[in-house]
Amino acid sequence: MIDRSSAPLAAKKALFQIPQTEKFSLENGIEVYFTHKNNLPIVYLSAVTSAGSKFDSPDKVGTAYLTSLLIDEGAGEFNSLQLSNEFEKLGSMFHVSANQDNIGFSLLTLAENFERSLYLLGSVLTKPRFEQPDFDREKKKVQDKLLQLKDESGYIASSVFEKLVFRNTYYEFPEIGLAETVNQISNEDVKNFYRNGFSGNATKFFIAGNLDPEELRKTLNAQIGSWVSSSASELAFNYPQRSQTQYYIVDKKESAQSEIRIGHISKKRNVPDFYATRIMNSILGGQFSSRINLNLREDKGFTYGAGSNFNYYANAGLFEVQTAVNLQSTAAAVKEIFKELNGIRSGITEKEIEFAKSYLIKQYPSRFETFSQIAKNVESLVIHSLPLDELKVYEEKLYSVTYEEVRQSALENIFPDEMFVVICGEKENVAKQLKDELGVDAIELTHEGNLITM
Amino acid sequence: MTEKSILNLQYEKYKLGNGLEVILYQDNSLPSIAVNIWYRVGSANEVKSKTGFAHLFEHMMFQGSENIPKEGHFRYIQEAGGNLNGSTSIDRTNYYETLPSNYLELALWLESDRMGFMLPGLTQEKLDNQKDVVMNERRQRYENQPYGLSWEILFSNLFPEGHPYSWPTIGWMEDIAKFELDDVRNFFKTYYVPNNATLVVGGNFETASTKDLVEKYFGGIQAGNSIPEIVVEKQTLNESKKVVHKDNVQLPRIYLAWHTDKAFSADDAVLDILSEVLSSGKSSRFYKSLVIEKQIAQDVSSFQYSARLAGSFIVASTAKPGVELDTIKEVIFERIHDLIQNGIKEEELLRSKNSVISSFVYSLQKLDTITDQMNHYNFYLGEPNSFSSDLARYESVTGEEVISTAKKYLLNPFVELHIIPNTKEND
């Protein structure tokens, strides 16, 4: 019989090299970040344009999102159907998405079809058609999507929570917009948004693939090298302040669960205590074996899963705990979450810190497996104005964080007395639980996060 | 094309004395290993009024065993920098972890401990906790999701009562609440035996020493009895059925479901291509007509859902506000008849095939996808390296086959499900 009573020791660690990324500029100044990867005949390309929903005018929120839907509805010599047909014929997967900061274009293609796919992408970026029938159809689709989102408790809880955290800033709106603002958007608005926001130097390219860099530079110059650059616009951001903890309920009848969001504004990505905070959050709620998940799921059975994370926007950060729990356990779950938020400030053991460091450091090589992972690792650094070197020093920086710095991070980044608590679910039942079990009065908000007026 | 050689994966397959199948696939390009085990048991092995058990059991497998404490499985693998999970389908249950390659032995220790020594770690408290977790999983993923119950309504109508595909994988709520420790013990002794499992090890390892380790950890586990066979008759519907279900949704949605044929049967790949032609991409038949031209639907999808015992073809489409589901149904059938009468264009076929070919190459990027796919092929075909022959099934599909297959299945009786808003003033 073999001895099974203790875990076998690790063997000798295999070597791993972070892939080398090179940066170059096209004739018109467009920045390109290229990482060579040759184990498969695949190319992944991401183009990111600084034209997210933060540039929407407040009465027409949703313009960036609509632009992202329309920009590939016909471009250059192709109408909408022809264009999507061209991508599909190549087996290339092309997708446009929008968030608060950027509109992103992603392309996954076989290397042999890269040049043709890039030609199509170039047309989308520089020669979109914005035809009226396409606009009318896509706008109606967004309006109906907004209707459908009324069904989604998770979406409602998150968008109301973000509105509270980012109140009176350009991050307070969902990128898809609101029913009354989308109604106001015309095709002319979309064309103007494109004209103002899209230019060579507002766009950066991140590419991973089995390509020769010199060939790549030539191909890119031929397809998009003449795209005109203009002076980039930047918007000022007024950092919101935290405020005393307040509870909010959004009513959703016949909900089988309550969706809970708890959190507040936090620091940007490029601050010195990022690594300590990563370790601290990993212990608090950043992975399966975290305090919050083990308590709410594995001990209490309130939920299928619970966690916390720091989300990083270009100009701000947001800390949130999120979970969905069965209705009867709503107040009890909120109470346990606060117990953990206070607990992380009052003590973290060395064992917990060693576990989190080990987890984060040793899993690092697995974040370089696919072509898109490699390109996106670089992209996220550039978006947050960090040097490329950061990828190489990541493990070292995590390793050198001290116990004291992790404990300090909890004190400087988690503020249990200054939380927004948002619960989307059965109003009467949840309000009564909060009152009876926690002694708090919750404020009711609409699905859009506005006060209910009598 | 170069994909022919890329899709030919070298492997070694053998059996231990206790019947455990082992497949070794070496790829030293990354410092990682993937361990992927399939147990040949899914919700189809359950019986009426004990549904959801295979899935609940998957949760119990993370609750520890003789030498591993509760949640220990997660902790050990995460501390080593790995990631892990498991999943249950109607046919099988899988468990998998990807780790830095120097932790191969850790993964084998963990997987073998729960294969051989799970019962000593079992307690009533752990079972009660996971029943609560699974009931919350059911609420979160199905009951509190718009249209979330449509799948189980569809399948409980498409298959007769008592058919192993007639209940949802997660099970009926009242069944989950009733499970007892003895059910867990019996299920484990019947299905979680080495002769009912296949272990795939993929990635960066040395073959001879890995074989020794596999023998060391799994070789001593006792074989179980032979596994009970599931016997079912081929299903057909004598007449179409219509079901209407009210839900918390703003827009009504229609589902149509036909019986087709099982996974890797002669018509299986043709039905996949048919679904591509009908609903994949803006120029596909259904999408172009319903969403672009007539603008009566918000979305439309279709797919061949095939498994070991049976297959079905599903179409789903969400109506625009004010549009009747019958109008959408009419257009769907109009498009099906048009395809059958007028055939399909070479370009449509080429488009569908090219997206399938590319997706095969894209899927080779991740080690855990490859090892799971090898188990998938081994389970259905007995041959883990079936990437090329699987792709060939799609490449050989002709336009005539697409038409004759559509005719063979989509003109038969079907189940029609309408999910409609339960109140008009739902805010």
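Residue numbers start from 1 in every chain, and the chains themselves are labelled A, B, ... in the order their sequence lines are given, proteins ahead of strands.
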Inset, instruction - Taking only Lys NZ, Arg NE, NH1 and NH2, and the carboxylate oxygens of Asp or Glu, determine whether K362(A) and E79(B) approach each other closer than 4.0 Å. - result: no
Inset, instruction - Considering only NZ, NE, NH1 and NH2 on the basic side and carboxylate oxygens on the acidic side, decide whether K89(A) and E347(B) come within less than 4.0 Å. - result: yes
Please flag which part of [X] lies under 4.5 Å from any non-hydrogen atom of chain A: side chain, backbone, both or neither.
X	value
L30(B)	side chain
F360(B)	neither
E66(B)	neither
L110(B)	neither
Q295(B)	side chain
S32(B)	neither
R141(B)	side chain
V291(B)	both
S112(B)	both
K70(B)	side chain

Atom [atom1] in [X], atom [atom2] in [Y]: separation rounded to 0.5 Å?
X	Y	atom1	atom2	value
Q287(A)	N83(B)	CD	CG	12.0 Å
T109(A)	Y362(B)	OG1	OH	5.0 Å
Q298(B)	D144(A)	CD	CG	4.5 Å
N102(B)	K13(A)	CG	NZ	8.0 Å
S366(A)	D368(B)	OG	CG	9.5 Å
Q373(A)	K366(B)	CD	NZ	5.0 Å

So [Y] and [X], do their side chains get closer than 4.5 Å, heavy atoms only?
X	Y	value
L251(B)	L147(A)	yes
L294(A)	R75(B)	yes
L81(A)	I292(B)	yes
E254(A)	D247(B)	no
P100(B)	F16(A)	no
K282(B)	N85(A)	no
V361(B)	I42(A)	yes
N248(B)	K253(A)	no

For [X] and [Y], does a side-chain donor sit closer than 3.5 Å to a side-chain acceptor?
X	Y	value
Q78(B)	S289(A)	yes
N136(B)	Q257(A)	yes
Q63(B)	E298(A)	yes

Under 4.5 Å from any heavy atom of chain B - which part of [X]:
X	value
D72(A)	both
T446(A)	neither
K357(A)	neither
L108(A)	both
S5(A)	both
D299(A)	backbone
L360(A)	neither

Inset, instruction - Not counting sequence neighbours, which residues clear side chain to side chain contact (heavy atoms under 4.5 Å, CB included) with N39(A)? List them please. - result: K37(A), F371(A)
Do [X] side-chain atoms and [Y] backbone N/O form a donor-acceptor pair below 3.5 Å?
X	Y	value
D113(B)	R4(A)	no
N354(B)	S92(A)	no
N144(B)	A256(A)	yes

Inset, instruction - Evaluate whether atom CD of Q132(A) has more than 12 neighbouring non-hydrogen atoms of other residues, nucleotides or ligands under 6.0 angstrom away. - result: yes
Legend entry - Y304(A) and H59(B) aromatic ring geometry - parallel, tilted or perpendicular at 30°/60° bounds: tilted
